[in-house]
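Below: the structure, in structure tokens.
Computed from a predicted model, the values in this text were never measured in an experiment.
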Amino acid sequence: MKYSRAFLQTLREPPAEAEIKSHQLLLRAGLARKLSAGVYTLLPAGLRVLHHIERIIREEMNRAGAIELLMPALQPAELWKRGPRYDAARQVMFTAQSATRRTSEETVLGPTHEEVVTDLVASVLASYRQLPLTLYQIQTKFRDEIRPRFGLMRGREFLMKDAYSFDCDSDRATASYQAMYNAYSRIFRRIGLHAFAVEADTGVMGGSFSHEFVVPCAVGESEIATTDDGSYAAAIEKAVSLASPRPHNPPPVPFEKFPTPNVTTIEDLTIKHGVAACCQVKTLVYIADSRPVLFLLRGDHVLNEAKVLAAGFSQIRPATPEEIVSMMGCPPGSLGALKPLPSSITRVIADECLRDQHGMTTGANEEGFHIRNISVPRDLHVDEYRDLRTALDGELHPTTRRPLRISRAIEVGHVFKLGTKYSEAFGARFLDTDGQSKPAFMGCYGIGVTRCLQAIIEQHHDENGIIWPASVAPWQVALLLLDESLHEMAEQLETQLESLGITVLVDDRAERPGVKFKDADLLGLPLRLTLGEKSLNSGGVELKLRAGKESTLVPVQEVPTQVQLVLNQLLTAS
RNA sequence: CGGAGCGUAGCUCAGCUUGGUAGAGCACUUGCUUUGGGAGCAAGACGUCGCAGGUUCAAAUCCUGUCGCUCCGACCA
């Protein structure tokens, strides 16, 4: 491929819209262009990378026994309404309609395909003999993200590899899950991503357990908790930890109301009245499934909404200040779950850390007043104790007793063991060996393909540009032609290399050498050949690794074999 | 959805405070020179200053609205 014909346009300066390095390089190297927020064109060079990632994904999915198909992005809303999570999924749905023909039936652009695939399998599945079955596709997803960001990292239209497994029973579903888990590990390794699995929340997807595959990254959108020895790794939504204990849990004494004018935050109460955050009870008012619920936590702790959802609620949101006043008779800032509770509150759930705590301080349900020496079991209305808190950096993991580090990561893949939630809803049932009709046990598995593309850049770059892993590089070799008089020699080298199955980008532009070197570094092809009078006079063609500093001179006739040798080393090393 | 910031040439940005003929660098075209790490000189082309309304003799500039883009947050009682 000739550079002049490759529709490659590099940018000298990073566009103002790009904040993070991988996004800047994506645009600067001419891999993608933005159409609108979270919507991108993949330019030819970027598409070549994508194709390599897809090829590796297909190889590994096929190796794991999965079968490829292609499902539609246009999906009738009616299908979703029959499923178990229509309301939640609608939060991110785009809808589509004909511009000229009014139809009564709403169409949605598929954010994912559990509904479609389960409906499909339901129409085909009859016997246990058809199982196990794992179907996958690489297909465009549409999600109206609240906030698209960082280029391809979080888009509103993006490419996903999604797979769905169907099994006779839970154990065999676990085996299918494990097969996908292993395939994912191989895929990420092969495309050059240093990814690892963390225990994850099942969220709106439902199901029994799940792992996220993440790559550590300071600008990642997921938070993970890990122990230093790698024995425990979990998404923050799922992470469990031992709270740092209160220094002292005093014996119960009578409580006492005291004035706290203009104090509405944990911090104010600490500063102005000397009440340590860990001795305060924080009272959060939520609307959970349309009903008011209080969540109580220690003042130094943070509510984990995923754990709230895991407690059996399907939709939650913080109450508005107006709602709080009307339900509690008091604005936020002075709330307490004191007995007797306002009749509007239907349920109070307290974090485990508050069990049997005395000498606590909480709001008096009266503006400008708090109450000290609260005994939680004696004075507060608590229906239930649960783990509601978000793990904090430095806390110990409960079983390994190792300190947790909270850090950021990019989620590049996610595997779920689903159970029968969808198969029951869509009637994906089969007759088992015992003649009984049973719902299939499902799993679902996603990889953010376009996100992987950018995550690779995030993990493989230096101050001069991208350093592509050889397995996914848009071309394997950059051949810089520095003297137009050597055009024919470049032509011959290109042909020879291509006949060996090696992809070459020949920089044949009428540019000065400096420009070609800069662009070559920016685009980041793993191998660089420099052909010019200077190198030729000293014995041949200069060969340099993008990742290295040194270059070697290779006699012209040895170039193809040398390149092949070095490329094979690169490919097997990764 | 809340907060903040930004919309001026293909890209990066200045000009706006204090209203008065639309600017620079890079990129692009042509010519000459240059030719191993983003060249020099000369000539040229490229703009409804996001959009709409208002104020004014006069608006990129002031006011209002709107759209778009980016970042932060979306739990701290």
Side-chain angles (χ1 to χ4, degrees), chain A residues 9-20 23-24 27-28 30 33-39 91 144-151 219 221 236-237 260 263-270 277 280-287 294-308 316-321 324-325 327-328 330-337 351 361-367 369-370 388-390 392 464-465 480-486 507 509-522 528 530-538 541-542 544 551:
Chain A
Q9 180 64 53
T10 57
L11 301 176
R12 192 159 180 165
E13 290 174 277
E17 73 193 43
E19 195 78 5
I20 66 170
H23 188 193
Q24 293 177 352
L27 301 174
R28 283 191 60 207
R33 280 289 172 98
K34 184 179 74 180
L35 178 61
S36 65
V39 181
Q91 306 299 315
D144 190 12
E145 291 290 342
I146 301 171
R147 178 142 92 93
R149 71 179 121 179
F150 300 146
V219 297
E221 294 193 86
I236 195 73
E237 294 82 11
T260 52
V263 169
T264 58
T265 65
I266 302 274
E267 198 182 6
D268 279 356
L269 201 55
T270 304
Q280 299 184 33
V281 177
K282 177 156 61 176
T283 308
L284 301 171
V285 186
Y286 267 72
I287 306 297
L294 298 187
F295 297 112
L296 308 185
L297 288 139
R298 232 166 68 180
D300 56 336
H301 290 157
V302 176
L303 181 68
N304 185 328
E305 291 194 355
K307 289 183 180 176
V308 172
I316 60 166
R317 65 169 174 86
T320 65
I324 291 174
V325 170
M327 290 183 290
M328 302 291 290
C330 163
S334 310
L335 300 178
D351 183 65
T361 299
T362 192
N365 279 337
E366 186 179 340
E367 200 164 1
F369 290 91
H370 280 74
L388 295 177
R389 15 179 318 269
T390 304
L392 297 173
N464 294 318
L480 307 194
L481 173 59
L482 298 191
D483 294 286
E484 181 51 32
S485 59
L486 301 172
D507 195 342
R509 295 175 299 170
E511 289 286 354
R512 293 159 56 84
V515 174
K516 298 190 178 187
F517 285 124
K518 287 291 185 189
D519 275 341
D521 284 349
L522 182 55
R528 189 183 81 190
T530 308
L531 175 60
E533 296 288 2
K534 190 169 153 184
S535 63
L536 226 44
N537 291 340
S538 40
V541 178
E542 184 186 293
K544 182 183 170 295
S551 60

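The partner of G25(B) is C11(B), judged by Watson-Crick or G-U wobble contacts that both fall below 3.5 Å. Nucleotide C69(B): paired with G5(B) (Watson-Crick or G-U wobble, both distances less than 3.5 Å). Pairing for A59(B) is absent, judged as Watson-Crick or G-U wobble with the two contacts each under 3.5 Å.
The ring pair (Phe, Tyr, Trp, His ring centres under 6.0 Å) test applied to Tyr286(A) returns Phe295(A), not counting sequence neighbours. Residues satisfying the side-chain hydrogen bond (donor to acceptor under 3.5 Å, both in side chains) criterion with Glu145(A), sequence neighbours excluded, are Arg154(A). For the side-chain hydrogen bond (donor to acceptor under 3.5 Å, both in side chains) test, no residue two or more places apart in sequence or in another chain qualifies with Gln24(A). Considering only residues two or more places apart in sequence or on other chains, Ala306(A) meets the side-chain contact (heavy atoms from CB on, under 4.5 Å) condition with Asp201(A), Glu237(A), Asn304(A).
Comment: Arg149(A) engages Glu221(A) in a salt bridge, judged by a side-chain N to carboxylate O separation of less than 4.0 angstrom. Salt bridge Glu542(A)/Arg528(A): present, at least one basic N to carboxylate O contact under 4.0 Å. At a threshold of 4.0 Å, the pair Asp483(A)-Lys534(A) does not count as salt-bridged, since none of the basic side-chain nitrogens sits closer than that to a carboxylate oxygen.
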Pick out the pairs of N or O atoms, protein on one side and nucleotides 69-72 of chain B on the other, that lie under 3.5 Å.
unit_1 : atom_1 : unit_2    : atom_2 : d
C69(B) : OP1    : Ala37(A)  : N      : 2.9
C69(B) : O3'    : Lys34(A)  : NZ     : 2.8
C72(B) : OP2    : Arg147(A) : NH1    : 3.2
C72(B) : OP2    : Arg147(A) : NH2    : 2.6
C72(B) : OP2    : Arg149(A) : NH1    : 3.1
C72(B) : N4     : Arg147(A) : NE     : 3.3

Return the polar atom pairs (N/O with N/O) between nucleotides 23-33 of chain B and the protein under 3.5 Å, or none.
unit_1 : atom_1 : unit_2   : atom_2 : d
C26(B) : O3'    : Arg12(A) : NH1    : 3.2

